[in-house]
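The block underneath contains the structure these notes are about, expressed in structure tokens.
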Amino acid sequence: KSNEHEVFTNMKTEFMTLWDGFTTSDEARVMVLAATNRPWEVDEAILRRLPRTYEIPLPNESQREGILRVLMKEEPLARDMMGTGQN
């Protein structure tokens with residue numbers, strides 16, 4: 001990708017070099033998990049090394065509310081902040 005910043009290019013090069021040097025025994029179980037919110041920008045060489053892809057859709061409104069509740073459960077909030085009157 002010709003418009004990439006040099007830092008990203010260097011980072012990808014180092015990542016690919018380390019990945020190519022990654023070896024393990026036949027008995028070892030290794031899982032590499034990668035995640036991005038911009039899958040269209042992932043380098044094709046990296047995609048070839050990740051044989052399976054799963055697209056996870058964005059959460060709907062009630063799921064987002066649930067995520068916020070978990071993240072904010074220890075934070076003091078105004079009574080009407082989350083719509084339930086609970087802190």
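The analysis underlying the following values was restricted to heavy atoms, covering all of them including side chains, and did not include hydrogens, waters or symmetry mates. These numbers come from a predicted model, not from an experiment. In this chain, residues are counted from 1 in sequence order.
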Sequence neighbours left out, what passes side-chain contact (heavy atoms from CB on, under 4.5 Å) with Pro39? Give chain and number order. Thr36
With sequence neighbours excluded, what pairs up with Arg49 under the side-chain hydrogen bond (donor to acceptor under 3.5 Å, both in side chains) test? Asp20
Can you give me the closest heavy-atom contact between Pro59 and Arg64, atom names plus distance? O-NH1, 2.9 Å
Pick one: which of Glu61, Gln63, Arg69 meets side chain to side chain contact (heavy atoms under 4.5 Å, CB included) with Glu65? Arg69
Could you check if a side-chain atom of Glu6 sits within less than 4.5 angstrom of a side-chain atom of Phe8, using non-hydrogen atoms only? no
Distance, nearest 0.5 Å, that separates OG1 of Thr17 from NZ of Lys12: 12.5 Å
Euclidean distance, Ile56 CD1 relative to Asn37 CG, rounded to 0.5 Å: 13.5 Å
Distance in Å, Phe15 CZ paired with Asn10 CG, rounded so as to fall on 0.5 Å steps: 15.0 Å
